[in-house]
2 protein chains.
Amino acid sequence: MIPDRRQRRRQESIEEILDVALEVMAEQGVAGLSLGEVARRLGVRPPSLYGYFASKHAVYDAEFGRGAQQVQAVVAEVSERVLATATDPGEALEQVATAFIEWAIENPVYSQLLFWRPVPGFEPSPAAYQPAVDLIELSTRMFADMQERGWIRADVPAEEILRDWTILTSGIISQQLANAPTDGFQTGRFTAALPGLVAMFVASYAAATSSPKTNHNSTTGKGPRNADQR
Amino acid sequence: MIPDRRQRRRQESIEEILDVALEVMAEQGVAGLSLGEVARRLGVRPPSLYGYFASKHAVYDAEFGRGAQQVQAVVAEVSERVLATATDPGEALEQVATAFIEWAIENPVYSQLLFWRPVPGFEPSPAAYQPAVDLIELSTRMFADMQERGWIRADVPAEEILRDWTILTSGIISQQLANAPTDGFQTGRFTAALPGLVAMFVASYAAATSSPKTNHNSTTGKGPRNADQR
DNA sequence: GTCTATATGACGATAGAC
DNA sequence: GTCTATCGTCATATAGAC
């Protein structure tokens with residue numbers, strides 16, 4: 001018996017390797033991961049790691065899966081809570097965006113792995129990518145929910161709203177990580193733009209009936225709806 | 001005599017190396033550049049390249065400088081032309097954004113090098129970075145010019161408007177390159193969001209006097225100006 | 001001045017001993 | 001499971017031919 005003792009021990013070793021690998025990536029850059037350096041810090045020889053991971057790409061894949069799962073959990077928790085308590089879309093979306101971007105800035109290694117493509121030749125496996133798919137789906141449902149509540153306009157597919165939303169949020173993350181990587185969420189020059197950009201987004205996608213002054217007849221064209229109509 | 005013949009020949013060799021290095025990066029990934037592979041394709045031995053570049057990082061630096069100079073020239077040309085001919089900010093900004101993003105999507109290697117941080121340990125030299133500084137400065141001047149024309153609100157520093165502008169444009173570029181790197185500008189799912197997002201941006205930063213219906217009293221808060229006022 | 005030849009040390013990865 | 005030994009490739013450096 002105790003058939004899973006060995007397995008649990010093995011899982012612990014795997015987690016330990018991934019933790020150290022994350023540290024190395026934080027210091028040397030995501031693409032600068034060296035399994036030799038990981039082994040050195042663990043006090044073992046490089047070939048020993050191959051008992052747990054078939055290749056360096058397998059380590060990247062496991063890290064990708066861990067990161068995707070973490071960010072999915074963070075966003076799922078906050079979006080669920082916010083949809084239950086918030087009373088207007090601006091408040092709701094700012095809280096979701098804050099949680100998402102805060103996680104991204106505080107986990108820059110995961111963010112680079114998830115949102116950029118820094119490792120030549122590495123593509124996440126379907127299993128590792130699944131939490132990212134879940135995240136997209138739950139975000140789409142969140143916008144569809146807001147449409148049903150009359151919070152945002154319903155004449156645009158939720159997928160399209162999500163596309164613009166991800167451009168905004170990932171734009172903040174990318175600019176912050178690329179141009180001021182040492183700044184935290186609180187002190188970041190680009191994260192500071194979050195409330196304003198959320199307000200911009202909400203104003204643009206506000207439901208026409210929610211405001212006495214609609215912008216349907218604006219000559220400049222207010223909403224992104226005309227995106228595909230050129 | 002003919003003192004610069006040798007020098008011109010040398011410059012041609014440098015350009016040739018950079019061209020081939022760009023090809024290799026396109027195939028193997030930016031961080032996957034191998035000088036040995038470059039030498040192989042040029043029909044020389046790897047050490048020969050060190051007569052032209054002191055290190056691999058020097059090659060990255062030269063590529064960074066070439067890319068920054070290209071994109072600066074593209075944006076400078078279009079923004080100058082647009083400020084001379086356009087009659088409203090939506091039209092002007094859409095043309096500038098289109099030129100910028102089109103260049104970025106059609107030069108994904110340069111874009112990754114310029115806008116992400118894919119190469120561990122590489123930081124562009126001040127000389128290579130200078131065109132990027134020029135680009136920021138000329139973009140700031142463009143927004144200041146639009147403010148003086150009364151096209152966009154003047155109660156927000158041009159630097160802050162530019163910050164939000166770069167978040168938008170770099171968000172489109174990052175999402176497109178990371179999630180659909182094989183798509184071109186015309187067929188891209190995220191580049192398709194450009195006109196709508198520019199309209200959103202212009203509506204948010206529209207000068208208060210340009211529209212009969214201002215949004216000063218909006219309860220949701222329309223403009224990004226409240227960004228730093230939380 | 002630019003090349004070839006050669007050397008060093010680190011890397012990812014595999015085979016096989018214990 | 002972890003080790004030693006080993007392979008091939010890489011960036012990089014130096015010495016010396018032409």
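A note on names: the letters A, B, ... follow the listed sequences, proteins ahead of strands, and every chain is numbered from 1. This structure is a prediction, so every number in the text was calculated from the model and none was measured.
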Is any side-chain N or O of [X] closer than 4.0 Å to OP1 or OP2 of [N]?
X       : N      : result
B:Tyr52 : C:dC3  : yes
B:Ser48 : C:dT2  : no
B:Ser55 : D:dT12 : no

Atom [atom1] of [X] and atom [atom2] of [N]: how far apart are they, to the nearest Å?
X       : N      : atom1 : atom2 : answer
A:Tyr60 : C:dG12 : OH    : P     : 9 Å
B:Phe53 : C:dG1  : CZ    : P     : 19 Å
A:Leu33 : C:dG12 : CG    : C1'   : 11 Å
A:Leu42 : D:dC3  : CG    : P     : 11 Å
B:Leu35 : D:dT9  : CG    : C1'   : 13 Å
B:Leu49 : C:dC3  : CG    : P     : 9 Å
B:Glu37 : D:dG8  : CD    : C1'   : 15 Å
B:Arg45 : C:dA7  : CZ    : P     : 15 Å

Distance col, row A:Ile173:CD1 vs A:Glu102:CD, nearest 0.5 angstrom, shows 11.5 Å
Worksheet item: If you look at every strand shown and take non-hydrogen atoms under 4.0 Å, does B:Gly36 touch a base, only sugar-phosphate, or nothing?
Response: sugar-phosphate
(message) Under the criterion side chain to side chain contact (heavy atoms under 4.5 Å, CB included), I'd like the reasoning laid out for A:Arg9 against A:Arg6: C-alpha separation, chi angles, the key distance, then a yes or no.
(response) CA-CA 5 Å; A:Arg9 183 94 181 80; A:Arg6 194 168 46 224; 5.6 Å; no
Closest nucleotide among [options] to the [X] side chain:
X       : options               : result
A:Arg40 : C:dC11, D:dA11, D:dT4 : C:dC11
A:Tyr50 : D:dC3, D:dG1, C:dG12  : C:dG12
A:Lys56 : D:dC3, D:dG1, C:dA13  : C:dA13
A:Pro47 : C:dC11, C:dA5, D:dT4  : D:dT4
A:Arg10 : D:dT12, D:dG1, D:dT2  : D:dG1

- Task: Count the heavy atoms belonging to other residues, nucleotides or ligands that lie under 6.0 Å from CZ of A:Phe122, then report whether that count exceeds 12.
- Result: yes
- Item | Stepwise salt bridge (charged side-chain N to carboxylate O under 4.0 Å, His left out) test for B:Arg41 and B:Glu27 | CA-CA 13 Å; B:Arg41 298 188 185 195; B:Glu27 297 170 21; 2.7 Å; yes
Between A:Gln11 and the options A:Glu15, A:Arg8, A:Gln7, the side chain to side chain donor-acceptor pair (under 3.5 Å) test singles out A:Glu15
